[in-house]
Amino acid sequence: MGRYVIRRLLQMIPVFVGSTFLIFFMVYALGDPVAALFGDKAPDPAVAARIRQELYLDQPLWKQYLHYMGQVLTGDFGTAFTGQPVLELMVDAFPVTIRLTVVAVLFEVVVGIALGVAGGLRRGRPVDTTVLMLTLIVVSVPTFVSGYVLQYLFGVKWNLVPPTVSPEAGFAELLLPGVVLGLVSLAYVTRLTRTSLAENARADYIRTAVAKGLPRHRIVVRHLLRNSLIPVVTFIGADIGALMGGAIVTERIFNIHGVGYQLYQGILRQNSPTVVGFVTVLVLVFLVANLVVDLLYAVLDPRIRHV
């Protein structure tokens with residue numbers, strides 16, 4: 001196991017370098033950050049040249065990337081065009097989005113797996129048909145539609161929760177935004193669980209467990225569900241990073257100042273250091289989440305061994 005972890009960590013290095021270089025190249029090569037600072041006004045050539053020198057933008061792109069990575073290794077993600085260090089923006093934004101993601105993941109895992117089990121164990125019956133129809137409806141409705149509808153119903157009409165989130169963004173306030181963020185993922189988790197459960201229910205080891213006279217709940221929990229969760233865990237591992245980076249719509253609807261909000265502001269104002277810094281951390285989140293998923297495979301399925 002130790003060798004496998006070390007090997008995976010070494011494999012993550014070129015992936016991280018390649019991903020961050022592509023992001024850096026796309027952000028800085030497709031626009032002039034200095035021109036964006038001045039808006040519609042034409043910048044003074046001398047002032048623009050001084051700013052480019054201060055931001056290391058007068059160097060070739062590969063040198064800019066090496067300079068940026070050297071800063072990242074020391075914990076310096078640069079300075080936003082507003083003059084505020086990007087690291088300070090991260091310290092304010094990431095805890096909020098992490099709490100929002102935790103709520104969304106718990107919602108999709110608990111409810112999604114429960115619905116998937118209900119449909120998979122009763123395949124072809126009315127319960128299964130109802131679950132499939134509901135998940136299809138959820139997948140078909142865009143997040144900005146479901147977000148505004150739920151915000152209006154629960155926050156405005158019924159006054160059950162605040163329609164917007166305060167700057168503190170506690171877990172209680174993030175329940176409704178977390179549900180909105182995790183709705184589409186919930187549908188995919190439900191379908192994956194249902195399909196995997198239905199396939200494994202016909203496996204030989206399940207027939208053997210039934211023939212031995214094991215209790216039904218033990219067969220379902222210890223054997224059937226455990227082996228059926230591998231594709232679900234794979235999806236959730238990739239979905240964690242996607243939820244954190246894709247929370248732009250949800251955070252805009254509920255006025256949450258998290259990662260999505262900062263990315264939206266950075267893109268809108270062409271604030272390249274902010275965008276590159278936040279996306280660099282999201283790349284790390286993706287890599288670590290996938291490593292954890294690979295390690296969980298051996299826990300869920302004893303036939304899998306990491307050497």
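- Residues Asn271 and Gln265 have side chains not in contact (no heavy-atom distance under 4.5 Å, counting atoms from C-beta outward).
- With a 4.5 Å cut-off on side-chain heavy atoms, Asp239 and Tyr188 do not count as touching.
- Side-chain N or O atoms of Ser146 include one that pairs as donor or acceptor with a backbone N or O of Thr143 at under 3.5 Å.
- One finds a salt bridge joining Arg207 and Asp204 here, because a Lys/Arg side-chain nitrogen approaches an Asp/Glu carboxylate oxygen to under 4.0 Å.
- Using a 4.5 Å heavy-atom cutoff, the side chains of Thr274 and Phe77 are not in contact.
- Across Thr190, Leu224, Leu197, a single residue satisfies side-chain contact (heavy atoms from CB on, under 4.5 Å) together with Val117, and that is Leu197.
- Side chain of Gln59 to main chain of Gln64: no donor-acceptor pair is present (N/O by atom type, distance under 3.5 Å, no hydrogens or angles).
- In plain terms, the two heavy atoms of Gly245 and Leu282 that are nearest each other are CA-CD1, 3.7 Å.
- A pairwise comparison of heavy atoms in Val103 and Gly178 identifies CG1-CA, 3.8 Å as the closest pair.
- Between the side chain of Gln151 and the backbone N or O of Ile253, at least one donor-acceptor pair lies under 3.5 Å.
- Contact of the Leu10 side chain with the Ile13 side chain is registered, since non-hydrogen atoms from C-beta on lie closer than 4.5 Å.
- For the pair Ile267 and Val275, the minimum side-chain heavy-atom distance is below 4.5 Å.
- For the pairing with Glu251, the side-chain contact (heavy atoms from CB on, under 4.5 Å) check across Val165, Val96, Leu100 returns one residue only, Leu100.
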Audit row: Val276, Val86, side chain to side chain contact (heavy atoms under 4.5 Å, CB included) steps and yes/no: CA-CA 10 Å; Val276 173; Val86 176; over 6 Å; no
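- Note: Leu181 CG to Ile248 CD1 = 11.5 Å, rounded to the nearest 0.5 Å.
- Remark: side-chain polar atoms of Thr20 are paired, donor with acceptor, to backbone N or O of Val17 under 3.5 angstrom.
- The CG atom of Leu284 sits 7.5 Å away from the OG1 atom of Thr280 when rounded to the nearest 0.5 Å.
- In this structure, Phe235 and Arg191 have side chains that are not in contact, with every pair of non-hydrogen atoms separated by 4.5 Å or more.
- Panel note: side chain Arg99, backbone Leu174; no donor-acceptor pair is recorded below 3.5 Å.
- Within the model, atoms CG of Asp128 and CZ of Arg122 stand 10.0 Å from one another, a figure rounded to the nearest 0.5 Å.
- Between Met12 and Leu291, the shortest heavy-atom contact is SD-CD2, 4.2 Å.
- Residue Tyr148 comes nearest to Phe144 through the heavy atom pair CD1-O, 2.8 Å, listed as atom of the first residue, atom of the second, then distance.
- The two residues Thr164 and Glu173 come nearest to each other via the heavy atoms O-OE2, 4.5 Å.
- Below 30°, between 30° and 60°, or above 60°: for His257 and Tyr261 the angle between ring planes is below 30°, a parallel geometry.
- Between Phe94 and Phe278, the two ring planes are parallel [angle under 30°; tilted spans 30° to 60°].
- Going from atom CG of Leu186 over to atom CZ of Phe107 covers 4.5 Å, rounded to the nearest 0.5 Å.
- Checking side-chain atoms of Ser196 against main-chain N and O of Thr193 turns up no donor-acceptor pair under 3.5 Å.
- Ile219 places a side-chain heavy atom less than 4.5 Å from the side chain of Ile206.
- With respect to Tyr65, the side-chain contact (heavy atoms from CB on, under 4.5 Å) criterion is satisfied by exactly one of Met69, His67, Lys63: Met69.
- Of the possible polar contacts, none joining the Gln71 side chain to the Asp76 backbone as a donor-acceptor pair under 3.5 Å is found.
- More than 12 heavy atoms of other residues, nucleotides or ligands lie within 6.0 Å of OH in Tyr68, so this atom counts as buried by the packing criterion.
- Between Gly120 and Arg194 the shortest heavy-atom distance is N-CG, 3.6 Å.
- Counting heavy atoms from C-beta on, the side chains of Leu175 and Val179 never come closer than 4.5 Å.
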